[in-house]
Trainee: 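My questions all concern the structure below.
Note on naming: letters A, B, ... go to the chains in the order of the sequence lines (proteins, then strands), and numbering restarts at 1 for each one.
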Amino acid sequence: MESPTPADPSELEELYRLLAAVRQLDTAAVRWQRQGIIPGYAPLLGQEAAQVGSGYAVDPTRDFLFPTYRELGVARAVGVDMVEYMATHKATWHGGLYNPATTHFAPIQAVVGGSVLHAVGWAHGQKLAGPGEDGYNVAVSYFGDGASSQGDVHEAMNFAAVMKAPVIFFVQNNGWAISVPTERQVAGGSVAARAAGYGMPSLSVDGNDVTAVLEATRQALAHCRDGGGPILIEARTYRLGPHSTSDDPGRYRSLDEEQAARRSDPLAACEALLRTRFGTPDSFFAGALAAGEAEAEAVRQGLEGLAPRPGSEMFDFVFQQPTPALKAQAAAWRTESEHV
Amino acid sequence: MESPTPADPSELEELYRLLAAVRQLDTAAVRWQRQGIIPGYAPLLGQEAAQVGSGYAVDPTRDFLFPTYRELGVARAVGVDMVEYMATHKATWHGGLYNPATTHFAPIQAVVGGSVLHAVGWAHGQKLAGPGEDGYNVAVSYFGDGASSQGDVHEAMNFAAVMKAPVIFFVQNNGWAISVPTERQVAGGSVAARAAGYGMPSLSVDGNDVTAVLEATRQALAHCRDGGGPILIEARTYRLGPHSTSDDPGRYRSLDEEQAARRSDPLAACEALLRTRFGTPDSFFAGALAAGEAEAEAVRQGLEGLAPRPGSEMFDFVFQQPTPALKAQAAAWRTESEHV
Amino acid sequence: MSETLSSPLSPAAGDGPAAPAPLTLSMQGALNRALGEVLEDNPKALIFGEDVGRLGGVFRITDGLQARFGAERVFDTPLAESGILGMSVGLAMAGFHPIPEVQFDGFAYPAVNQIVSQIGRMNYRSRGALPMPVTLRVPSFGGIRAPELHGESLESLFVHVPGLKVVSPADPHQAYHLLRLAGSMPDPVIFMEPKARYWQKGPVDPADAGALEGARIARPGRHLTLIAWGAMVARCLQVAELAAEDGIEVEVLDLRWLSPIDADGLAESVSRTRRAVVVHEAPRSSGLGAEIAALVTERCFNTLKAPVERVTGFDVPYPSGDLEDEYIPNIDRILFGIQRVLEHRRG
Amino acid sequence: MSETLSSPLSPAAGDGPAAPAPLTLSMQGALNRALGEVLEDNPKALIFGEDVGRLGGVFRITDGLQARFGAERVFDTPLAESGILGMSVGLAMAGFHPIPEVQFDGFAYPAVNQIVSQIGRMNYRSRGALPMPVTLRVPSFGGIRAPELHGESLESLFVHVPGLKVVSPADPHQAYHLLRLAGSMPDPVIFMEPKARYWQKGPVDPADAGALEGARIARPGRHLTLIAWGAMVARCLQVAELAAEDGIEVEVLDLRWLSPIDADGLAESVSRTRRAVVVHEAPRSSGLGAEIAALVTERCFNTLKAPVERVTGFDVPYPSGDLEDEYIPNIDRILFGIQRVLEHRRG
Ligand SMILES: Cc1ncc(C[n+]2csc(CCOP(=O)(O)OP(=O)(O)O)c2C)c(N)n1
Ligand SMILES: Cc1ncc(C[n+]2csc(CCOP(=O)(O)OP(=O)(O)O)c2C)c(N)n1
Ligand SMILES: [Mg+2]
Ligand SMILES: [Mg+2]
């Protein structure tokens with residue numbers, strides 16, 4: 001897909017501000033891990049445009065997003081509280097502390113490919129409920145090139161296509177699944193190429209171009225809202241950082257490769273577009289980055305203030321209707337561990 | 001694919017004899033179930049050409065076949081003992097009594113899609129072992145349109161294509177998975193269309209034309225032997241009988257549909273070809289059918305003589321190296337159930 | 001005549017609607033009826049799975065429901081169990097009450113990831129924001145001479161998974177009421193149907209469920225408690241009948257809820273009888289019998305006259321039809337177990 | 001000097017090859033060494049899984065092995081656990097000895113179908129014609145503040161599956177020898193590595209395995225048997241140390257083989273100590289502790305002074321890092337368990 005050039009700068013500026021905030025939050029999170037504030041983190045460096053561009057297109061008051069463990073950029077774009085989001089990386093609560101029912105952002109998912117079928121199920125639910133005035137609500141399922149190998153992802157695509165469920169399969173092909181490059185992972189070389197086999201349309205897009213991603217996502221949303229069924233977007237991008245803060249990419253890829261990839265930095269691309277098309281001044285970019293830095297600092301403070309959840313919550317949230325057996329275990333835990 | 005016309009009748013006559021034997025065995029098995037000789041059976045009526053044509057092409061001294069529960073025709077074509085094969089349907093032993101290591105015909109598989117990955121693993125083993133003088137040994141994985149929905153089948157295709165494993169995915173698209181028609185099962189309408197997404201070639205073939213199936217399978221074998229990696233064949237056919245002897249197709253499809261499908265009977269097609277191309281006389285067909293009938297009768301006798309396996313075999317085959325705990329359980333079983 | 005004494009079955013009693021008369025139904029019929037009522041009561045309830053629509057399921061448990069409720073509420077899925085269960089998660093997130101079917105026990109294995117990692121955990125993960133009212137029906141256990149992997153007993157696996165509730169009915173009346181209850185619960189319930197009992201008929205009183213929590217004394221007795229669930233309850237009742245001829249009064253406890261287990265009910269019975277035998281089809285090692293033996297021993301150690309005996313399947317794959325009577329606990333083996341417990345002498 | 005007295009470590013002793021000296025290794029190092037030797041000994045042995053090749057695995061257990069043995073014998077697969085295990089079946093059928101890795105415990109769930117229905121059953125199904133020498137390595141259990149589903153304890157599930165053997169080492173020496181053994185066995189073995197212990201160092205004597213069958217007395221004692229496996233063994237040894245200060249001599253039994261369980265070894269120990277506590281990380285209900293409690297009680301009923309106590313994880317999903325010390329049995333909770341057993345009075 002071609003990157004369209006927007007008519008006025010306001011939307012592009014907003015996108016840049018989002019990209020800058022995400023860049024600052026993401027790089028700060030890596031720092032926080034080094035500083036011992038959080039035990040681990042999965043950086044999205046290089047994938048900002050894919051995440052911001054798609055997240056920005058979605059309407060979280062009606063659509064529902066299903067992230068992996070690397071979607072801080074999407075979460076930020078749809079307004080999830082960043083301290084509540086980062087709580088999962090602080091090891092406070094698996095999945096995060098934000099409310100997925102109200103944010104329409106599903107809990108952070110640790111199982112690769114684990115939530116793709118959930119998106120299909122939710123989307124089928126919208127189909128059953130019927131379209132609103134402006135068409136169907138849409139599920140957006142995020143996953144990676146590695147995840148595309150999982151059986152669940154195939155089952156999800158086939159179910160969705162058979163049932164014509166309004167779901168966008170949004171693949172960030174970032175070149176790597178930990179140490180395994182896409183060419184050893186995705187037979188045929190492209191996840192988008194799989195779509196045709198299900199009779200499903202697909203869009204392949206430069207994932208480092210935020211306007212291209214935005215435009216593709218808008219097209220896909222329109223397709224789904226209209227009852228056209230599922231659609232797949234493959235955003236080609238690159239994971240510039242390590243897989244996670246405990247990974248060592250030097251073991252499996254060269255600095256040359258990384259350096260080459262750095263040349264297509266999504267922020268730089270957006271900056272260049274703003275400058276050439278609208279003559280946006282230096283001060284705007286400095287301001288956006290500074291705002292992002294300030295935001296990151298506020299999140300750091302929030303995280304440092306985040307107390308461990310009480311142990312009793314281990315028991316409280318297992319069921320809607322707790323069982324006597326679990327209540328007894330909670331009581332035993334209280335006696336032996338809390339000494340009360 | 002076009003059906004090629006063979007130059008001399010001998011191969012086609014052999015194929016017809018196989019088709020006739022399979023038809024007789026298969027229809028007899030349904031009878032045996034009604035007579036209480038076997039508790040259940042999954043008829044292949046209508047799929048004889050797909051099974052005989054593919055099985056006939058394979059070299060079971062070097063290749064390896066991975067069946068489902070409906071591959072009597074393949075088993076017969078590669079020389080598996082029919083009593084040992086039917087033993088699974090007599091509830092004597094899950095998987096059959098034949099030796100899969102020597103026949104190169106894997107145990108009958110009750111899990112839909114369960115053995116597709118096994119074929120890929122075996123094929124990868126051939127890749128590791130290196131090609132023989134005449135290229136690689138080939139795995140042939142049989143499965144149905146319904147099975148194509150399983151995650152394992154996707155994982156298998158992707159693994160095979162990434163590793164360039166010499167495996168043929170042989171899909172019998174017989175229109176139905178129990179009560180679910182292909183169009184509600186296979187999004188996009190064709191399993192063969194999936195292959196391109198893995199960068200894998202595929203052949204779509206009239207599964208009721210035994211020479212077409214034979215030719216396609218030979219092409220696929222050549223492709224695999226040459227190191228071309230995996231390939232998919234979709235044989236379009238129709239399950240004329242019920243899903244199994246306990247199924248009632250009247251609940252989900254019309255007699256009209258069945259009758260229409262009956263017009264492309266694989267035996268009739270082969271017979272017509274022999275008659276028009278080679279002027280094969282009535283006596284040949286009658287003889288082939290009679291031979292099949294005699295064979296079925298011999299199998300019936302074999303099955304009726306098949307005694308239950310001793311209960312001790314429950315314990316004997318769990319491990320290569322039995323455990324003390326299991327030996328103790330076997331001893332307890334002997335005391336309490338055999339009263340010895 | 002005082003109101004409290006009037007028969008609840010008499011249409012004249014009270015001024016509520018006429019109570020339906022007790023019925024005679026097979027378990028298949030009872031389950032089918034319960035599902036129809038669950039769908040009637042809750043417009044958000046959906047039934048789906050392989051062949052549950054037009055065919056009505058290979059066991060006909062959903063027979064007629066698609067015709068009655070439409071193909072949006074009762075529908076066939078493609079053939080993929082992980083897909084069916086994964087889709088249930090999303091439907092629950094969208095406010096539906098999914099009632100998926102897995103066609104046979106052994107085909108729950110491909111769905112274990114979605115069941116364990118997702119269905120059992122989503123309410124917890126989301127801190128209660130995303131409840132998982134998923135009622136998973138699994139035709140379970142052996143005894144019907146079926147092909148391989150059509151006779152599995154998965155209760156030990158399910159019971160060990162946090163966030164799941166597990167129940168198994170023993171007769172049509174229980175089946176009807178337990179399924180109606182499970183189908184209205186806000187938590188995931190694995191509903192294990194003893195397929196060997198689908199066609200056995202029995203009385204069903206739709207108007208009088210009786211208590212549905214915990215275990216149920218299926219037959220009272222003084223000398224020993226025989227603990228079972230699913231298809232083994234009927235067999236244990238036969239055994240109790242035989243034992244009674246020898247003057248041994250066996251109490252048969254139908255566990256019903258496998259998770260959470262009714263530890264109080266178990267302890268109450270065994271503290272009276274002082275002896276227990278647990279019977280199940282699943283392999284012995286790490287089977288649910290172990291948990292029950294441990295629970296009973298923890299609670300009744302000082303009164304127990306003998307260790308809790310386990311009469312179970314062996315640690316072997318569920319065998320082919322010809323051997324299944326050798327594998328499933330039969331009357332002889334249960335009687336041997338009872339004998340061992342009765343003859344145990346404290347050292 | 002008589003030959004029998006000569007030190008096995010002295011290169012002069014005997015005329016066999018020089019015995020290697022005892023080493024100090026982390027469990028990671030010990031496992032890595034064992035794998036190298038398994039690959040050297042058996043040209044049919046293959047290592048594969050996610051990131052096990054160039055990266056050497058996320059825990060570096062396969063570090064350097066691809067460089068040493070080539071990318072045909074040590075290779076990365078696409079990201080699909082069912083694929084990895086299903087492929088193992090076919091490789092075994094082709095005469096190889098697959099040693100797949102599942103990257104973390106929780107990602108064995110997607111492979112359960114292939115493990116249970118295929119790997120555990122193929123030898124049986126084929127009547128011994130298709131052995132399944134698959135050594136499945138699973139970094140297991142919790143304790144490292146990892147993300148969700150990276151701290152699961154699946155032993156109860158595996159032990160209940162016919163056709164599988166299950167083992168878990170507690171220290172580097174055990175890890176080295178048990179993996180060498182498992183990697184040479186003709187049956188499927190699930191090898192559960194306690195990831196919390198990967199970086200703890202300890203002595204490894206390559207020349208002297210000691211007995212590798214059954215359980216192992218990690219510390220002898222008279223008053224009570226503490227039964228554990230994996231990472232819990234080290235914790236139990238700490239507890240025994242503390243208890244000794246109060247004059248309580250705790251015997252610590254490292255179970256090692258979870259399937260088959262060494263029932264004789266368990267009974268031998270408990271018949272001496274007359275009291276037992278079993279400790280595990282997995283949830284309590286239907287955990288392996290239940291099987292052990294049942295086994296011990298069956299064998300030692302008349303000598304037991306108290307019911308076998310279970311100190312386990314709770315029936316809740318394995319929690320996030322901040323709460324894992326509340327979930328995993330800690331020293332206090334184990335001491336409470338010991339106290340309960342010691343204070344139990346026969347009624
Ligand atoms: C089912 C499962 N298997 C393995 C893992 C371990 N793991 C976590 S991330 C990852 C790689 C995922 O690659 P990809 O899908 O491309 O996403 P990316 O990390 O590149 O964003 C692996 C193997 C997991 N979390 N879940
Ligand atoms: C994993 C699994 N799920 C469900 C079943 C039950 N089942 C047996 S055959 C079948 C339909 C298979 O359809 P298809 O793959 O098209 O093969 P066909 O029966 O048409 O030959 C089903 C659902 C099974 N055996 N295994
Ligand atoms: Mg990736
Ligand atoms: Mg079919």
Trainee: State plainly whether the residues A/Glu313 and A/Arg309 are in salt-bridge range, i.e. N to O under 4.0 Å.
Mentor: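 Salt bridge: yes.
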Trainee: When you look at D/Phe141 and D/His280, which way does the side chain to side chain contact (heavy atoms under 4.5 Å, CB included) test go after all the steps?
Mentor: CA-CA 10 Å; D/Phe141 316 122; D/His280 62 64; over 6 Å; no
Trainee: So what's closer than 4.5 Å to chain A heavy atoms on D/Asn330: side chain, backbone, both or neither?
Mentor: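 Answer is side chain: those atoms of D/Asn330 sit under 4.5 Å from chain A.
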Trainee: Enter the distance from D/Leu136:CG to D/Met192:CE here, rounded to the nearest 0.5 Å.
Mentor: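 Result: 9.5 Å between the selected atoms.
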Trainee: Is any side-chain heavy atom of A/Asp152 less than 4.5 Å from a side-chain heavy atom of A/Val116?
Mentor: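 No, side chains not in contact.
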Trainee: Go through the atoms of A/Pro310 and report whether side chain, backbone, both or neither lie under 4.5 Å from a heavy atom of chain D.
Mentor: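 For A/Pro310, the contact with chain D is made by the backbone alone.
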Trainee: D/Phe104 versus chain A, heavy atoms under 4.5 Å apart: side chain, backbone, both or neither?
Mentor: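 Neither part, no heavy atoms under 4.5 Å.
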Trainee: Find the distance between CD1 (D/Ile119) and CG (D/Leu85) and round it off to the nearest 0.5 Å.
Mentor: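 These two atoms lie 4.0 Å from each other.
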Trainee: Please classify the contact between A/Leu326 and chain D as side chain, backbone, both or neither, with a heavy-atom cut-off of under 4.5 Å.
Mentor: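 Just the side chain, heavy atoms under 4.5 Å.
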Trainee: Can any side-chain N or O of D/Lys195 pair as donor or acceptor with the backbone N or O of D/His150 at less than 3.5 Å?
Mentor: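 The answer is yes, because a donor-acceptor pair under 3.5 Å joins these two groups.
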Trainee: Checking heavy atoms, do the side chain of D/Phe314, its backbone, both or neither come under 4.5 Å from chain A?
Mentor: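 D/Phe314 touches chain A through backbone and side-chain heavy atoms alike.
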Trainee: Ignoring hydrogens and angles, state whether a donor on the side chain of D/Glu152 or D/Tyr318 is under 3.5 Å from an acceptor on the partner side chain.
Mentor: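 Note: D/Glu152 and D/Tyr318 side chains miss the donor-acceptor criterion.
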Trainee: Below 4.5 Å, heavy-atom pairs only: which of A/Tyr69, A/Phe315, A/Trp93 has the largest tally toward chain D?
Mentor: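 Of the candidates given, the most pairs with chain D belong to A/Phe315.
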Trainee: For D/Gln103, is it the side chain, the backbone, both or neither that has a heavy atom under 4.5 Å from a heavy atom of chain A?
Mentor: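 Interface part for D/Gln103: side chain.
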Trainee: Quick check against the 3.5 Å criterion: does A/Gln47 have a side-chain atom that pairs as donor or acceptor with the backbone of A/Asn174?
Mentor: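 No, A/Gln47 side chain to A/Asn174 backbone: no donor-acceptor pair under 3.5 Å.
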Trainee: Drop me the distance from D/Leu288's CG to D/Ser153's OG, to the nearest 0.5 angstrom.
Mentor: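 Rounded to the nearest 0.5 Å, the CG-OG separation comes out at 10.5 Å.
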Trainee: Indicate the atoms forming the closest heavy-atom contact of D/Phe75 with D/Glu72, along with that distance.
Mentor: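 Scanning both residues completely, I find the closest heavy atoms to be CD2-O, 3.4 Å.
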Trainee: Under the 3.5 angstrom rule, does the side chain of D/Ser88 hit a backbone N or O of D/Val134 as a donor-acceptor pair?
Mentor: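 Flag not set: sc D/Ser88 to bb D/Val134 has no pair under 3.5 Å.
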Trainee: Chain D heavy atoms under 4.5 Å from A/Val180: which part of the residue, side chain, backbone, both or neither?
Mentor: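 Both parts, backbone and side chain.
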Trainee: Looking only at the side chains, is there a donor atom on one of A/Gln150 and D/Glu81 sitting less than 3.5 Å from an acceptor on the other?
Mentor: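 The criterion, which ignores hydrogens and geometry beyond distance, is satisfied for D/Glu81 and A/Gln150.
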Trainee: In Å, rounded to the nearest 0.5 Å, how long is the span from OH of A/Tyr41 to CG of A/Leu44?
Mentor: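 Going from the OH atom of A/Tyr41 to the CG atom of A/Leu44 covers 4.5 Å.
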Trainee: Among the options A/Gly146, A/Ala332, A/Gly311, pick out the one with the most heavy-atom pairs lying under 4.5 Å from chain D.
Mentor: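 Result: the option with the highest number of such pairs is A/Gly146.
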Trainee: Which atoms of A/Asp145 come close to chain D, meaning under 4.5 Å heavy atom to heavy atom: side chain ones, backbone ones, both, or neither?
Mentor: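 Nothing of A/Asp145, per the 4.5 Å heavy-atom cut-off to chain D.
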Trainee: With a 4.0 Å cut-off, would you call D/Arg235 and D/Glu281 a salt bridge?
Mentor: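 The answer is no: the pair does not qualify as a salt bridge.
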Trainee: With chain D as the partner chain, list the residues of residues 232-244 of chain A whose heavy atoms fall under 4.5 Å from it, by residue number, and write 'none' if nothing qualifies.
Mentor: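 No residue falls under the 4.5 Å cut-off.
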Trainee: At a heavy-atom distance under 4.5 Å, which candidate from D/Gly83, D/Pro78, D/Ala146, D/Gly321 has the highest pair count against chain A?
Mentor: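 Of the candidates given, the most pairs with chain A belong to D/Pro78.
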Trainee: Between chain A and each of D/Thr77, D/Asp63, D/Leu335, count heavy-atom pairs under 4.5 Å; write down the option with the most.
Mentor: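 The answer is D/Asp63.
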Trainee: Can you check whether anything in residues 31-40 of chain A gets within less than 4.5 Å of chain D, heavy-atom wise, and list it by number?
Mentor: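 The list, in residue order, reads A/Pro39.
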Trainee: What I want to find out is whether A/Arg76 reaches A/Asp26 closely enough, with some N-O distance under 4.0 Å, to be called a salt bridge.
Mentor: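 A/Asp26 and A/Arg76: not salt-bridged.
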